[in-house]
Amino acid sequence: MLLLFYTQQKINKSFWLFFSVCFLAGFIYEIIGVNTGFLFGDYEYSIVMGYKISGVPILLGNLWFITMYCVGSLTFQSYNWLKTNFNFKVSSQIELHLLAIIGAFTAVFLDLFLEPVAIKLNFWQWYPLGEIPIYNYVCWFFGSLILQYLFVNLNFNKKNIFAFYLYVIQLIFFITISLFYK
């Protein structure tokens, strides 16, 4: 997270707002999920991720920000590359929706590989049978979509090459661990 802040050009109030909302929303999503099962399904965090409030490690707020910022930046930079290199254009209204929806799907794509690894490393467990419910990914999509709409609508510099690489590194890490760690 600190490297994302370090590599962010011109940190302004909008960027701080995005960080704060992601941290709080992610943390609240998780508190609701852990304590009610209403979001994501029935799961519980172990002690591996550190100090918890209401059953949720504080670290989770940071992880929600990192994920939302990385997928938003990746989507934004990829879209701009398409516009520049292939003269890809849509209306500004469609562009906002497209960026938010693709960003949310990109977050879920990472979660598809993250979830099994997190279980193997005892970060959390799913109940009753240890299987990841499809509902988890549905909730991830809609929770991410809300935060991606915020990302595309706030006025801060969204081009951060480190965020792009961090997403790719995380994806490679989780795929590699899932393939080789038994």
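Follow the hydrophobic side-chain contacts under 4.5 Å out from Ile47 and you never reach Met49; the two are in separate clusters. A continuous path of hydrophobic side-chain contacts links Leu179 to Ile119 [ILVMFWY only; heavy atoms under 4.5 Å]. Residue Ile94 is grouped with residue Phe105 when hydrophobic side chains (ILVMFWY) are merged at heavy-atom distances under 4.5 angstrom, including chains of intermediate members. Transitive grouping of hydrophobic side chains (ILVMFWY, heavy atoms separated by less than 4.5 Å) brings Tyr51 and Leu59 into a common cluster. No continuous path of ILVMFWY side-chain contacts below 4.5 Å connects Tyr45 to Tyr127, so the two sit in separate hydrophobic clusters.
Ring orientation note: the planes of Phe40 and Trp64 are tilted relative to one another, at an angle of 30° to 60°. Using cut-offs of 30° and 60° on the angle between ring planes, the pair His97 and Tyr149 is perpendicular. In this pair, Tyr69 and Phe156 present their aromatic rings parallel. The plane angle is below 30°, not in the 30 to 60° band.
Partners of Phe113 by ring pair (Phe, Tyr, Trp, His ring centres under 6.0 Å), not counting sequence neighbours, listed by chain and number: Phe109. Residues forming a ring pair (Phe, Tyr, Trp, His ring centres under 6.0 Å) with Phe88 (at least two apart in sequence, or on another chain): Tyr79.
Across Phe141 and Ile101, no two heavy atoms sit closer than the pair CE1-O, 4.0 Å. Between Trp124 and Ala118, the closest heavy-atom pair is CZ2-CB, 3.3 Å. Closest heavy-atom contact between Pro133 and Trp126: CD-CE3, 3.4 Å. Minimum heavy-atom separation, Leu110 to Thr67: CD2-CG2, 4.3 Å. Between Cys70 and Ala163, the closest heavy-atom pair is SG-O, 3.5 Å. Across Ile31 and Ile53, no two heavy atoms sit closer than the pair CG1-O, 4.2 Å.
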- Verdict with supporting geometry, Ile177 and Phe174, side-chain contact (heavy atoms from CB on, under 4.5 Å): CA-CA 5 Å; Ile177 295 293; Phe174 290 119; 5.5 Å; no
- Task: Begin from the C-alpha positions of Phe23 and Phe65 and carry the test ring pair (Phe, Tyr, Trp, His ring centres under 6.0 Å) through to its verdict.
- Result: CA-CA 6 Å; Phe23 185 95; Phe65 163 73; 9.1 Å; no
- Message: Using side-chain contact (heavy atoms from CB on, under 4.5 Å), reason through Leu166 and Leu4 one step at a time and then give a plain yes or no.
- Response: CA-CA 9 Å; Leu166 182 56; Leu4 286 175; 4.1 Å; yes
- Task: Let me see the working for Ile11 and Trp16 under side-chain contact (heavy atoms from CB on, under 4.5 Å), right down to the final yes or no.
- Result: CA-CA 7 Å; Ile11 294 176; Trp16 283 113; 3.1 Å; yes
- So Gln170 and Ile66, side-chain contact (heavy atoms from CB on, under 4.5 Å) or not? Walk me through it. CA-CA 11 Å; Gln170 288 179 85; Ile66 291 167; 4.2 Å; yes
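Two residues are said to be in side-chain contact when any heavy atoms from C-beta on lie closer than 4.5 Å; Ser54 and Val34 fail this criterion. Residues Thr106 and Ile102 are in side-chain contact: their nearest non-hydrogen atoms beyond the backbone lie under 4.5 Å apart. Using a 4.5 Å heavy-atom threshold, the side chains of Leu99 and Gln148 count as separate. Contact check for Ile161 versus Gln77: side-chain heavy atoms found under the 4.5 Å cut-off. In this structure, Met68 and Phe151 have side chains that are not in contact, with every pair of non-hydrogen atoms separated by 4.5 Å or more. Two residues are said to be in side-chain contact when any heavy atoms from C-beta on lie closer than 4.5 Å; Phe162 and Tyr6 fail this criterion. The side-chain heavy atoms of Pro57 and Lys52, taken from C-beta on, include a pair separated by under 4.5 Å.
The number of heavy atoms from other shown groups lying within 6.0 Å of CG (Leu2) does not exceed 12. Counting non-hydrogen atoms of neighbouring residues, nucleotides and ligands closer than 6.0 angstrom, the NZ atom of Lys83 exceeds 12 such neighbours. Enclosure of atom CZ in Phe38 is not indicated, since only 12 or fewer non-hydrogen atoms of other residues, nucleotides or ligands lie within 6.0 angstrom. Applying the 6.0 Å contact sphere to CD of Gln125 captures more than 12 heavy atoms from other residues, nucleotides or ligands. Asn85 CG: more than 12 foreign heavy atoms inside a 6.0 Å radius.
From Phe15, atom CZ reaches atom CD of Gln9 across 11.5 Å, with rounding to the nearest 0.5 Å. A distance of 7.0 Å separates CZ in Phe142 from CG in Leu145, rounded to the nearest 0.5 Å. Separating the CG atom in Leu171 from the OG1 atom in Thr176 is a distance of 9.0 Å, to the nearest 0.5 Å. With values rounded to the nearest 0.5 angstrom, Cys22 atom SG is found 11.0 Å from Ile146 atom CD1. If you take CZ on Phe27 and CG on Asn62, they are separated by 10.0 Å, rounding to the nearest 0.5 Å. From Leu82, atom CG reaches atom CG of Asn87 across 11.0 Å, with rounding to the nearest 0.5 Å.
Gln8 places a side-chain N or O within donor-acceptor distance of the main-chain N or O of Asn157, the cut-off being under 3.5 Å. Of the possible polar contacts, one joining the Ser178 side chain to the Ile175 backbone as a donor-acceptor pair under 3.5 Å is found. Remark: side-chain polar atoms of Ser46 are paired, donor with acceptor, to backbone N or O of Asn122 under 3.5 angstrom.
Judged purely by distance below 3.5 Å, without hydrogens or angles, the side chains of Asn160 and Thr7 pair a donor atom with an acceptor atom. Side-chain atoms of Asp111 and Asn136 form a donor-acceptor pair, as typed in the model, at a separation below 3.5 Å.
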